[in-house]
Structure formats: C-alpha cells, structure tokens
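Presented below is the structure to which this report refers.
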Amino acid sequence: MEELHARTKLVHTGTRRSRYGEASEALYLTQGFVYDSAEQAQARFVEPGEDEFIYARYGNPTVRMFEDRITALEGAQAGFATASGMAAVNGVLMALLSAGDHLVAARALFGSCLYICEEILPRFGVEVTFVDGTDIDAWTAAVRSDTKVCFFESVSNPVLEVIDIRAVSGVAHGAGAVVVVDNVFATPVFQKSLNLGADVVIYSTTKHIDGQGRCLGGVVLGSREFVRGPLETWLKHTGAAMSPFNAWVMLKGMETLVLRCEAQANTAEFLANRLGGHEKLARVIFPFAGDHPQCALARAQMSLGGTVLSLDLRGGKPAAFKFLNALKIIMISNNLGDAKSLATHPATTTHQRLSADQRTLLGITDGLVRISVGLEHQHDLLEDISQALAAA
Ligand SMILES: *Cc1c(COP(=O)(O)O)cnc(C)c1O
C-alpha cells in the first residue's frame with residue numbers, strides 16, 4: 001500500500017491489542033511489569049525489546065501507543081511523551097545543554113518557555129541570546145561556535161509571528177547547533193517542521209491533541225539517536241513521564257485531530273477575513289491574512305493558517321476588557337486549542353510578568369486579545385465577536 005494519509009494513521013497507528021482483541025485502545029494502569037524468570041528480568045534490563053517494559057517512568061504500553069501514533073503523524077523516527085508541554089521543553093533543553101553552552105532563542109516565546117530560557121538556564125551556566133526570530137540576519141549574528149541549540153516557536157504566541165524554519169535551520173546547522181521547534185500553534189496537522197530542517201519538535205499535547213480541555217501532556221519528536229539516547233536518559237531518570245490515563249485520552253483525541261484542526265482553522269480564517277478592517281480594530285492578526293507581514297512564508301510552510309487569531313482593539317485595555325466581558329459564547333481563558341472558543345488578554349494574564357517595554361518589543365499591546373477558535377459554528381462566533389465589539 002501507498003503511504004497512509006494522516007487521518008488513517010491517526011485512527012490506527014500504534015494500537016497494541018491484548019489477547020482479548022479489544023477494538024478500542026486498552027488503558028494499562030500499571031506502574032510495574034512482572035517477569036517469567038530472573039533471567040528474563042536480567043535480559044530486559046540489559047536491552048528491553050521494542051514492546052517490553054520495565055517501569056512506567058520509563059514507558060508503558062498505552063503511552064507507547066500514543067508515542068507511536070504521534071511519531072507516525074509527524075514523520076519522526078521516535079517520540080517520548082511527557083507529563084506536560086513544559087516537561088517536554090525543559091527535558092529537551094536539559095538533555096542538550098550543559099554549563100558553558102550557548103543557546104539562541106526567539107524572543108517571542110510562550111511565557112514558561114521564556115522563563116526557562118531567561119531565568120533557569122543562566123543559573124546553570126548556560127548563556128542565552130534572544131533575537132527577533134523573524135530576522136535571519138539576527139540569527140546569523142547571534143550564533144557562535146559554542147551555540148548548541150536554536151529554539152523558537154512558529155507560529156508564535158500571541159502575536160502569531162512566522163519564522164522561516166528552513167533559513168534558521170541553515171544558519172544553526174552551519175554552526176553545528178540543534179534546531180528545536182515548539183510547534184504547538186502550527187499543530188502537527190498544518191506544519192511539518194522536521195521536513196523544513198528542524199531536528200527536534202515539541203508539542204504541548206494539552207492543546208489541540210487532547211483538544212477537549214481534559215488532560216495535560218507533552219511530547220518530544222526527533223531522531224531515534226536523540227530521543228532514545230540523551231533525551232530518554234534525562235526524562236526517565238528525572239520523572240517527567242506521561243500518565244497512562246492521559247496517554248489514553250490523547251490517543252482518542254488523535255482520532256479526530258485532523259477533522260477538528262481543519263474545522264477550527266477554517267473558522268479562524270473566516271473570522272479573520274470578516275473582521276479585517278472593522279472600525280474598532282487597529283489590526284486583525286492571522287498568518288494566512290494578506291496583510292500579515294509573513295503571509296507568503298506562512299502559506300509556504302503551513303497548509304492552513306492555524307486555529308488562533310489575535311485582535312488588536314483600538315482603545316487599549318478598557319476596550320479589550322469591555323469586549324471580553326461582553327462575549328457570550330467565547331469564554332475568557334488563558335488556554336488554547338480547545339473545542340470551546342477561548343479569549344485571552346495577554347498583557348494582563350499570560351504576559352503580565354513582562355515589563356511594559358518587553359511587551360511593546362513583542363507587539364503585545366494593551367488592546368490585544370488572542371482568540372483560540374473552537375468547534376462552534378462560524379456564524380455564531382462572528383455574531384458573538386461582532387456584538388462584543390459593538391459593546392467595546
Ligand atoms: C501550552 C504551551 C506550552 C506548555 O504546555 P503545557 O502543557 O501547558 O505545559 C508550551 N509552548 C506553547 C506554545 C504552548 O502553547
């Protein structure tokens with residue numbers, strides 16, 4: 001057969017059936033595993049086989065099903081699932097970096113990723129340089145012979161910047177650095193960062209992969225050499241394992257991932273088109289919108305524009321708060337990637353920790369509202385946003 005399509009892989013890949021022949025993936029709630037003999041236990045500790053397990057911190061059959069399914073979707077060689085997206089980010093950076101190393105990161109990062117790069121890594125002797133991720137000359141100027149990792153998000157949170165993955169990978173690889181992409185906003189459905197030159201891809205599976213607001217999770221995808229080598233060694237000894245229950249929820253979420261993401265992205269694009277030019281809005285930010293500064297790059301790197309759009313309200317914080325408080329269907333939350341549409345005011349929540357200058361540098365104005373588009377009907381969402389804008 002030809003290479004299977006994503007939707008088929010997402011329903012079947014990785015399934016391990018027990019002797020009962022269950023149709024739906026089994027949930028193996030077990031910490032440990034027993035052996036037929038002392039010899040078997042010894043052999044498994046020397047070199048566990050593909051489908052052999054020792055302890056749930058190292059691996060579990062339900063978690064492995066999820067890892068195999070997301071690995072197949074991404075087209076990676078291997079994956080390791082973690083307790084949260086941040087456990088994945090932290091695990092990758094800790095596995096790759098040591099005291100004395102240099103990291104180059106895009107400035108526009110998810111709040112906790114920025115905290116790790118800005119506050120935690122320097123405490124362990126890692127030097128960090130932040131750049132404007134959209135400026136390739138800035139990456140070239142920042143990368144040095146001791147640069148071990150280049151780290152960024154594309155699309156970024158919350159101003160939806162798009163970074164040229166192929167160009168940054170070229171710069172990084174020229175210096176021998178590993179390229180790590182946090183691909184949450186682009187989703188595994190719309191962007192294949194490994195094909196564009198990245199070495200490691202990270203997801204918070206809390207977002208679109210669960211997609212229904214239930215469980216935390218994360219995953220790291222990359223080469224077998226990295227994932228089964230330094231990454232697995234770091235993660236299995238430091239305890240960031242995904243719970244089997246969460247892996248089972250993620251497995252079921254994967255079955256509908258393409259359907260949900262496409263529906264949500266089509267609605268996001270519809271809303272961006274319909275809201276562009278609205279008198280109450282200084283800007284509508286959406287990667288596939290014609291006035292997005294990296295629209296052409298976004299269309300080259302991604303198959304759809306993603307499920308998030310940002311609205312910059314004229315009238316700053318008072319207008320943004322009136323707008324948020326007037327929404328009837330869309331709920332106020334700092335989360336994203338949910339079946340329910342969610343609205344966030346980054347300046348006072350997710351990016352509150354930053355100074356006003358830092359927020360200005362990142363384009364996070366007091367009027368900016370990020371909207372994570374859910375599965376509701378597009379006309380209901382347009383009506384909700386329109387009436388809330390009228391109230392602002
Ligand atoms: C949510 C998110 C994370 C962190 O994931 P958690 O599952 O909340 O730990 C990291 N990066 C991006 C871009 C995210 O949206």
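Each ligand, and each atom within it, is numbered from 1 in the order the structure gives.
Counting heavy atoms of neighbouring residues, nucleotides and ligands inside a 6.0 Å radius, atom CD of E225 does not exceed 12 of them.
Taking the six-membered ring for Trp and thresholds of 30 and 60 degrees, H377 and H379 have nearly parallel ring planes, at less than 30 degrees apart.
Outside the 6.0 Å centre-distance limit, the rings of Y203 and H208 are not counted as a close aromatic pair. Aromatic rings of F152 and W139 (six-membered ring for Trp) have centroids within the 6.0 Å cut-off, being under it. F286 has its ring centre no less than 6.0 Å from the ring centre of H292.
Annotation: cation-pi pair K317/F321 present, NZ/CZ under 6.0 Å from the ring centroid and within 45° of its normal.
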Do any nitrogen or oxygen atoms of ligand 1 lie under 3.5 Å from a protein nitrogen or oxygen, and which ones?
{"residue": "ligand 1", "atom": "5 (O)", "partner": "S204", "partner atom": "OG", "Å": "3.0"}
{"residue": "ligand 1", "atom": "7 (O)", "partner": "G85", "partner atom": "N", "Å": "2.8"}
{"residue": "ligand 1", "atom": "7 (O)", "partner": "S204", "partner atom": "OG", "Å": "2.8"}
{"residue": "ligand 1", "atom": "7 (O)", "partner": "T206", "partner atom": "OG1", "Å": "2.6"}
{"residue": "ligand 1", "atom": "9 (O)", "partner": "G85", "partner atom": "N", "Å": "3.1"}
{"residue": "ligand 1", "atom": "9 (O)", "partner": "M86", "partner atom": "N", "Å": "2.8"}
{"residue": "ligand 1", "atom": "11 (N)", "partner": "D182", "partner atom": "OD2", "Å": "2.6"}
{"residue": "ligand 1", "atom": "15 (O)", "partner": "K207", "partner atom": "NZ", "Å": "2.7"}

